[in-house]
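Every chain is numbered from 1 and lettered A, B, ... according to where its sequence line falls, protein lines coming before strand lines.
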There are 4 protein chains.
Amino acid sequence: MPAGRRTKRDVLSEFRTAEILGAARSVFAAKGFADATVDEIAQVAGVAKGTLYLYYKSKRDIYLAALKAGVQTLLDQLRERFATAETVAERIRAFVETRLVYFDQEPAFFRIYYSEFASAAAAAPASHRFVRDMYLEQIGMLADAIRTAPDRDRALRPLDPERVAAVVGELTRGLISDRTLHRGRATVEDEVRFVLDFVWNGLST
Amino acid sequence: MPAGRRTKRDVLSEFRTAEILGAARSVFAAKGFADATVDEIAQVAGVAKGTLYLYYKSKRDIYLAALKAGVQTLLDQLRERFATAETVAERIRAFVETRLVYFDQEPAFFRIYYSEFASAAAAAPASHRFVRDMYLEQIGMLADAIRTAPDRDRALRPLDPERVAAVVGELTRGLISDRTLHRGRATVEDEVRFVLDFVWNGLST
Amino acid sequence: MPAGRRTKRDVLSEFRTAEILGAARSVFAAKGFADATVDEIAQVAGVAKGTLYLYYKSKRDIYLAALKAGVQTLLDQLRERFATAETVAERIRAFVETRLVYFDQEPAFFRIYYSEFASAAAAAPASHRFVRDMYLEQIGMLADAIRTAPDRDRALRPLDPERVAAVVGELTRGLISDRTLHRGRATVEDEVRFVLDFVWNGLST
Amino acid sequence: MPAGRRTKRDVLSEFRTAEILGAARSVFAAKGFADATVDEIAQVAGVAKGTLYLYYKSKRDIYLAALKAGVQTLLDQLRERFATAETVAERIRAFVETRLVYFDQEPAFFRIYYSEFASAAAAAPASHRFVRDMYLEQIGMLADAIRTAPDRDRALRPLDPERVAAVVGELTRGLISDRTLHRGRATVEDEVRFVLDFVWNGLST
DNA sequence: TATGAATGAGCTTTCATTCAT
DNA sequence: CATGAATGAAAGCTCATTCAT
């Protein structure tokens, strides 16, 4: 099993990568992309500045990698939740709750994720695709979940799963940004209930 | 009519201001705040760099002024449309359509508006308030419009107008960002119809 | 008497000049040459910025004119005092007292005078001559006063009047800067007494 | 001998520091603080501009460091001379000569030292203390030397050592500025002789 | 004369990136 | 692999000076 070799080197490398990405996430979240400095990321990561450039070829690269890692974690959690949810209603609830809890636990990450998403349209056409994919992967996952729900409810109107997923995605995003920006007035449960009720009513015949 | 005096100077000043704000909007939209340079704004505005600082005291100031001016225009249009819409349904439609049309005509502006909104949570607590107010003014205007609709429909569920407004706001924003980011697949009408239908269904008993 | 004409214009011009020089003196004294702005001088003088350039051709020019005007006032006072002082001792005392009182009343002026004097050696070789002349005129006036004292004291050692004047000038300057910089610990009288006593002892056989 | 380690890095650092301070001294002396540019200092020092900011955090910082280093050198020389001078007369002579020789060798330094001293009163209350201390340290050193001279001369008048030191300081400064500004007419020896003679006469009963 | 809006060269400072050790 | 000193392009901002009114 050749893939199992070189463990020492690989482990170290992964350790460094994780260290750097963690530092990057927290610094970028605190300062935003432009105001974050490579110096600070290196310091927080506990490595020399030059070392960052051994693993990533630019500041933007570090940023995107941190973003990707965070989204990956979220996607993994979603996949897990979907696996044990059977009805459309349960899956939508799973989607909303998972995102809300995730970003509540990682407000820092939400900031860079959302911020990058927002400014993707501007300037950098390069990251355009990356960001779009990041978004589509989440929405797509929900759309799939809706489409393939084993016991798809008959009471639902025949709406395009993509669009329904987009709507739920937007409302969730709204909930999160509301909580992040305005220090939510209501409890999570209350907010989730309102959105789910609203969506359910919208979906039903 | 004493207020009408000094026209020459005032007119020139307003002309400059408009010139600068227009240039700022387009440059910021194209590059984002951090990557836009004061030099370029000046060049596009057709004035010397120093002139910018005659009217605004910093780069950020120019940015916020451009943002504010844009939002003001949008708010004015909303107010106008609400004046001639009587039912809740009409007002919601007015809200969605106005925003969509506005940002479709000014995708550049949407980018800076949205981007700033997005990153308000990050870093700059200073702009926090400004951005929040910008948002609340729009949502609040719709909430008010819903609350005060002369012939409030009896068929509506007794939902909190603020929350309904927030939901409509989010979905509209989603529509816009979808169109801006992913070059929408459907026509405006189609998308509006979907959202309105969905919302209406969600609102009804 | 043709010189007496045009009074209105001349009076206004002199008024402006005085206004400007007064403002300049106070601003330069407060901020130093480099940190003073033409804008502020104009504002304090109560005229438009462009007006300054009608009377002086550069910021430095304003500075030097303010300096010259101040020194001229001092020289006038010295001349007056010397006229009524007959012995060498009286003239030296007159010199020290006049300068001390003058700069005590005009600490602002002392700062720019001294500062310019100090930095004359540096940078601006142009002002070199100007500053040197300003200095020599004061010292020279005392040297002359010593040389021509009607009842030159026989008890004095035959020292070079120029050098004696220079010594007295330095000690006076020291007194003044001490008072300006370190908020003198002793009273003026006490300090004057010490210096005069010391000088007198040094001059006597 | 652990203190002796890291020599390579430390030596390089000290070398850079010396290089920068030397360049700074000469540029500041030639142009004055305001007219000197960081660019030129870097160029003269033979390093990139950014490097300066690796060692000092601002232009002013570089300036003060250069000033401090120069004064330190002078103080060291004074201390050394005092150590081998026993009588009050010898110490005063040592003081005068050391300063004169030092500033004759380093006219550039005199300019920035004196210039800063001069403008301390103006504007920057921050440097006030620094400059005052720089001055007091020199005067204080002479005052101490006078107070503690092993074979204090009985022929001296009981004058306050601080004041005597101040007088000698002023006269020396006068001598130096005379030489710097007016390209002294007399030889150093002649001038020193005059001042010492004068002071001695002033001190004696 | 007087004005003050406009100019733009020039300044200090920052920081992503490189590379000799 | 890791380091961190060195780099230098690039940016925001200031302000003496000009000139159309």
Query raised in the report: Taking CD1 from A/Ile62 and C1' from E/dA16, how many angstroms apart are they, rounded to a whole number?
Result: 10 Å
Query raised in the report: Taking only residues two or more places apart in sequence, or in another chain, which ones meet D/Tyr63 in a side chain to side chain contact (heavy atoms under 4.5 Å, CB included)?
Result: D/Phe28, D/Phe33, D/Arg60, D/Leu67, D/Ile112, D/Glu116
Query - Straight-line distance of C/Ile62 CD1 to C/Leu52 CG, nearest 0.5 Å - result: 4.5 Å
Query raised in the report: Out of curiosity, D/Asp133 CG to D/Lys68 NZ, how far, rounded to the nearest 0.5 Å?
Result: 9.5 Å
**Report entry** Approximate separation, where rounding is to 0.5 Å, of D/Thr51 OG1 and D/Glu19 CD
**Finding:** 11.5 Å
Report summary line: Those residues at least two apart in sequence (or on a different chain) that pass side chain to side chain contact (heavy atoms under 4.5 Å, CB included) with B/Glu14 are none
Report summary line: Intra- and inter-strand pairing of DNA chain F, written as dot-bracket with Watson-Crick and G-U pairs under 3.5 Å and | for the latter, reads .||||||||||||||||||||
Query raised in the report: Contact boundaries of DNA chain F with chain A (under 4.0 Å, heavy atoms), 5' to 3'?
Result: F/dC1 to F/dA6
Report summary line: Under a 4.0 Å heavy-atom cutoff, the residues of residues 42-57 of chain A touching DNA chain E are A/Lys49, A/Tyr53
Query raised in the report: Among residues 12-26 of chain B, which contact DNA chain F at a heavy-atom distance under 4.0 Å?
Result: none
Query raised in the report: Is A/Ala36 touching bases, backbone alone, or none of the nucleic acid, heavy atoms closer than 4.0 Å?
Result: sugar-phosphate
**Report entry** Residues in side chain to side chain contact (heavy atoms under 4.5 Å, CB included) contact with D/Ser26, at least two apart in sequence or another chain
**Finding:** D/Val44
Report summary line: All heavy atoms of D/Leu21 vs all of D/Ala65, minimum pair found to be CD1-CB, 4.0 Å
Query raised in the report: How far does CG of C/Leu54 sit from OG of C/Ser13, to the nearest 0.5 angstrom?
Result: 10.0 Å
Requested in this report: Apply side chain to side chain contact (heavy atoms under 4.5 Å, CB included) to B/Tyr113 and B/Glu106, showing your working.
Outcome: CA-CA 11 Å; B/Tyr113 163 68; B/Glu106 302 267 17; over 6 Å; no
**Report entry** Rounded interatomic separation in angstrom, taking OH from D/Tyr63 and P from E/dC11
**Finding:** 18 Å
Query - Between CD1 on residue C/Ile20 and CZ on residue C/Arg25, distance to nearest 0.5 Å - result: 14.5 Å
Requested in this report: Give every residue pair that meets the ring-ring contact (aromatic ring centres under 6.0 Å, His included) criterion with at least one member in residues 38-58 of chain C, sequence neighbours excluded.
Outcome: none
Requested in this report: Nearest whole angstrom, please: distance from the C1' of E/dA9 to the CG of B/Asp39.
Outcome: 11 Å
**Report entry** Within residues 36-49 of chain B or reaching into it, pairs that qualify as side chain to side chain donor-acceptor pair (under 3.5 Å) - sequence neighbours excluded
**Finding:** B/Lys31-B/Glu40, B/Asp39-B/Lys49
**Report entry** Residues which pass salt bridge (Lys or Arg N to Asp or Glu O under 4.0 Å) with B/Lys57, listed by chain and number, not counting sequence neighbours
**Finding:** B/Asp61
